[in-house]
Amino acid sequence: MADQRYDPKQIEPKWQKLWASERTWEVSNEPIGTDERPKSYVLEMLPYPSGEPHIGHLKNYSLGDAIAHFHRRTGHRVLHPMGYDAFGLPAENHAINTGERPRDSTNASIAAFRRAFNSWGISIDWSRELATHEPEYYRWTQWIFLALYERGLAYRKEAAVKWCPNDQTVLANEQVIDGRCERCGHLVEIRQLEQWFFRITDYADRLLDDLQTIDWPEHVTAMQRNWIGRSAGAEVTFRCDEVGIDYPVFTTRPDTLFGATFFVMAPEHPDVGRLAAGTEYEQQVHDYVNRALTESVEVRGAADKPKTGVPLGRTVTNPVTGEQIPMFVADYVLMEYGTGAIMGVPAHDQRDYDFAVAFGLEIRQVVEPVDGEVPEGEAFVSHTADERLVNSGEFSGMDAVAGQQAIIEWLDREGKGHASVNYRLRDWLVSRQRYWGCPIPIIYCESCGMVPVPESDLPVRLPDVDDYKPKGRSPLAAAEDWVNVRCPNCKGPARRETDTMDTFVDSSWYYMRYCDPHNDKAPWDRHVLDSWMPVDQYIGGVEHAILHLMYSRFFVKALADMGLLGFQEPFKALFTQGMILGPDGVKMSKSAGNVISPMPIVDRYGADAARCYVLFIGPPDQDAAWSESSLAGVHKFLGRLWRLGDGLSGDAGPAEQPAGAEGDALTLVRKANWAIDKVTTGMTGRFTFNTAIAAIMELVNEVYHHLDAELGARRFAVATAASLLFPFAPHLGSEVYEMVTGQRVWEEPWPAADASMLQSDTFELVCQVNGKVRDRVIAQSGAPRDELERLCMATRGVQAHVDGHEVAKVIVVPDKLVNVVVR
RNA sequence: GCGGCGGUGGUGGAACGGUAGACACGAUGCUCUCAAAAGGCAUUGUCCGUAAGGACGUGUGGGUUCGAAUCCCACCCGCCGCACCA
């Protein structure tokens with residue numbers, strides 16, 4: 001072979017320049033003439049520009065780019081854009097620490113990402129690039145906020161909200177992990193504050209039901225189902241005659257209503273003080289409530305916390321038994337779920353059981369298994385049709401499922417309750433007391449009250465400030481020139497809203513802006529939007545399973561209801577990539593000291609090797625540890641392909657499959673077609689790029705083993721390898737394809753496997769005795785069953801194990817194996 | 001506790017119910033070379049055996065089947081999400 005070497009530093013910039021100057025990956029919103037190719041929108045989650053890109057970005061965009069290239073070459077008009085999720089706390093904290101303005105550090109990081117994407121050769125339509133911190137973008141974020149506001153989907157309300165004392169801002173429920181701030185890890189406090197919310201709970205049912213219409217990984221839809229937390233049951237009214245008030249409770253087990261022997265309210269319930277007033281427990285209740293309110297989210301929420309509580313000194317009426325049952329206040333009841341009060345059914349709820357034991361309350365069994373025992377010392381919580389109601393008046397004897405229905409109907413007739421559904425999902429808290437975010441376009445007027453900024457005044461620009469330090473209110477509040485405005489209505493003195501939006505608002509619609517990125521009349525033209533959306537393949541990390549992916553679904557549904565778009569789901573298919581762990585198998589982090597940066601890797605081995613390696617490392621949806629030696633192996637493989645191409649470069653010609661190939665040539669032609677089939681299958685569905693690349697390696701190995709095969713066959717095999725490799729290693733794929741054929745590989749259609757070449761004339765017949773392989777023999781493809789049986793029985797290995805035994809049965813699987821069953 | 005995912009050589013991982021371990025890393029040997037780098041070729045699940053060959057092997061225990069890593073049941077272990085949600 002020639003003594004030249006594969007040199008990515010020569011090859012990669014050459015192709016990058018060509019693609020940039022020819023704007024190869026740009027796609028028009030108005031296809032010219034007779035372009036009737038189907039559209040395909042391939043999108044990776046946009047990066048958050050903070051510092052330099054890391055190895056996870058390389059994997060994310062290598063995955064998406066491979067899919068985009070495959071779709072292009074299989075006849076699609078592919079939209080594959082890029083942008084930056086530019087607002088956010090890290091840039092602001094960086095500013096507090098260093099004094100560097102968020103805008104400057106963010107723009108520097110964006111430049112680093114742009115450089116990286118170019119040096120990796122990602123096929124991006126750069127004409128659609130956007131960043132969420134630019135007024136041209138956030139003008140429309142504000143516009144959407146106001147559209148939600150007009151329809152009552154954005155509202156301001158005082159509520160008990162989660163507050164991070166370190167970041168000095170409120171957080172959405174979704175941003176609190178185990179009682180701690182997801183960003184900084186500080187314990188979160190509860191504060192009673194007036195804040196902005198989006199009414200996502202209005203969409204709970206649709207967000208749940210429509211999960212069935214999208215092709216997402218099971219674990220992600222499961223997480224969303226879980227998070228929405230829909231429970232069906234009943235609302236049942238318990239009346240407190242002493243004060244003359246009805247207290248509804250929510251229960252998923254109305255069939256156990258006859259077993260409700262006490263009643264519990266959350267410490268935050270507004271009636272707790274009034275109910276206890278004048279009773280012997282007044283002081284105790286007061287103290288208990290105060291203590292509960294000051295407890296941290298983490299302590300209060302601990303599942304194994306012993307049950308505590310205080311009697312209220314009052315009773316309510318159990319609506320089915322008519323009994324007076326005692327009322328309590330206890331912190332295991334949460335104000336934010338259901339009605340903030342529960343019926344206590346100790347026999348059939350473990351928490352109620354624990355409470356009843358602690359307070360010596362009656363435990364009354366009202367459901368029993370048809371056969372089997374009720375467990376001792378714990379609640380019997382099972383709920384199936386194999387269980388019967390007992391001690392339940394007219395409902396006794398019914399099975400638990402039917403009994404539940406019957407009791408709901410009875411409650412409905414008597415006006416004491418009705419079927420009801422509850423959700424765990426809370427409304428999305430979107431306001432933040434921080435600087436580096438999209439300003440909320442609302443003005444507070446002394447006489448007109450809350451006034452939306454008129455559309456003609458958008459965007460409300462984020463002003464420059466000098467002090468980013470959080471002080472419990474937005475740093476914007478100090479920008480007096482900006483804050484003080486005239487009321488758009490009455491022209492009187494007014495003040496701007498100084499909170500900014502959660503950055504998840506920005507990223508809830510960016511994928512739509514890509515479709516019509518330069519529109520300055522509207523966030524998008526609906527016809528253009530509907531022609532590209534929904535995203536056909538979305539690719540990103542699983543860490544957004546709930547936050548970004550649910551907020552975006554909510555946005556699309558809300559905007560669809562306004563007639564602004566004509567689809568119900570933003571992301572038709574989702575792929576969640578696994579993480580790349582450090583060489584030690586531990587998640588990469590500065591503290592673990594195991595961070596692998598993509599830039600030196602690309603510099604040393606080339607972008608193609610880096611891209612192929614992160615795809616070859618394992619199934620792309622699974623985590624995998626970094627291995628430099630495996631990366632070197634991939635680099636070696638690329639060099640092997642390059643040398644084959646180099647060797648054929650003097651004989652460049654069409655890469656057609658040679659007709660009538662025989663011997664070595666036929667072997668190569670078959671292997672090439674086998675690889676086409678393998679790679680094509682791997683590109684669809686599960687994205688098994690690791691095995692696709694392995695198939696190309698096999699093809700390349702096969703060429704090395706048949707270097708004497710005739711030129712046409714070698715050229716076909718090498719060109720095919722380059723063509724198949726192109727989505728993973730676009731520079732080398734282009735280089736080798738050009739060396740061998742003189743053509744541009746990305747302008748070639750994706751190769752189609754020749755079905756007649758996928759099967760050979762003969763095959764190796766596996767000969768088993770009692771399911772164990774005892775021999776192998778070459779047989780003609782398509783040979784009849786009796787012929788295969790005869791061949792198998794004649795082998796030495798089979799005879800040795802059949803000898804002296806009675807043949808009970810022979811199983812023949814044509815073109816595969818024969819299994820002789822002996823006794 | 002609820003929901004989801006996983007457990008295969010020294011390592012990463014392959015395997016429509018049909019040859020377990022493709023491909024790659026690592027290791028060993030050979031080769032090219034004055035030499036090295038780089039390359040090429042070969043071997044490589046474990047155990048017994050010089051070999052032919054055999055036995056054992058996909059977390060554990062059962063089951064279905066001519067045949068199970070794959071399907072079913074019961075467990076064990078690990079990871080992820082949710083969780084005093086009534």
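Note that the structure is a prediction, hence the values are computed from the model and not measured. Order of the sequence lines fixes the chain letters, A, B, ..., with proteins taken first and strands second; residue numbering starts at 1 for each chain. Computed over heavy atoms, backbone and side chain alike; hydrogens, waters and symmetry mates excluded.
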Can you tell me the base-pairing partner of [N]? Count Watson-Crick or G-U wobble geometry only, both distances below 3.5 Å, and say none if there is no partner.
| N | result |
| --- | --- |
| B/G1 | B/C82 |
| B/U70 | none |
| B/A42 | B/U28 |

> Are any of the side-chain heavy atoms of A/Phe250 and A/Val421 separated by less than 4.5 Å?
Replying inline: no
> Taking side chain as C-beta onward, heavy atoms only, is A/Val367 less than 4.5 Å from A/Phe258?
Replying inline: no
If the [atom1] atom of [N] is compared with that of [M], how far apart are they to the nearest Å?
| N | M | atom1 | value |
| --- | --- | --- | --- |
| B/C72 | B/A24 | C1' | 35 Å |
| B/U70 | B/G7 | P | 11 Å |
| B/G61 | B/G53 | C1' | 32 Å |
| B/G78 | B/U8 | C1' | 15 Å |
| B/G4 | B/A83 | C1' | 15 Å |
| B/G13 | B/G21 | C1' | 9 Å |
| B/C85 | B/G10 | P | 45 Å |
| B/C76 | B/G62 | C1' | 15 Å |

>> Could you check whether A/Tyr332 and A/Phe355 have their ring centres less than 6.0 Å apart?
In response: yes
>> Centre-to-centre under 6.0 Å for A/Tyr613 and A/Trp626, is that the case here?
In response: yes
> If anything within 90° of 0 is syn and all else is anti, what is B/G9?
Replying inline: syn
>> Counting primed atoms plus P, OP1 and OP2 as sugar-phosphate and everything else as base, spell out the protein contacts along nucleotides 46-57 of chain B at 4.0 Å heavy-atom distance: B, S or - for each nucleotide, 5' to 3'.
In response: ------S-SSS-
Would one find a side-chain N or O of [X] under 4.0 angstrom from OP1 or OP2 of [N]?
| X | N | answer |
| --- | --- | --- |
| A/Ser231 | B/A86 | yes |
| A/Lys636 | B/C25 | yes |
| A/Arg640 | B/G40 | yes |
| A/His705 | B/C41 | yes |
| A/Lys816 | B/G18 | no |
| A/Arg643 | B/G40 | yes |

>> Under a 4.0 Å threshold between the charged nitrogen and the carboxylate oxygen, would A/Asp255 count as salt-bridged to A/Arg253?
In response: yes
> Taking the side chain from A/Asp775 and the backbone from A/Gln768, do they hold a donor-acceptor pair closer than 3.5 Å?
Replying inline: no
>> Between A/Asn690 (side chain only) and A/Phe616 (backbone N and O only), is there a donor and an acceptor less than 3.5 Å apart?
In response: no
>> Using a distance-only criterion (donor-acceptor N/O pair, under 3.5 Å, no hydrogens), is the base of B/C82 paired with the side chain of A/Asn226?
In response: no
>> Can you measure A/Ile228 atom CD1 to B/C82 atom P for me and round it to whole angstrom units?
In response: 14 Å
> So which pairs with a foot in residues 214-225 of chain A pass salt bridge (Lys or Arg N to Asp or Glu O under 4.0 Å), sequence neighbours left out?
Replying inline: A/Glu218-A/Arg225
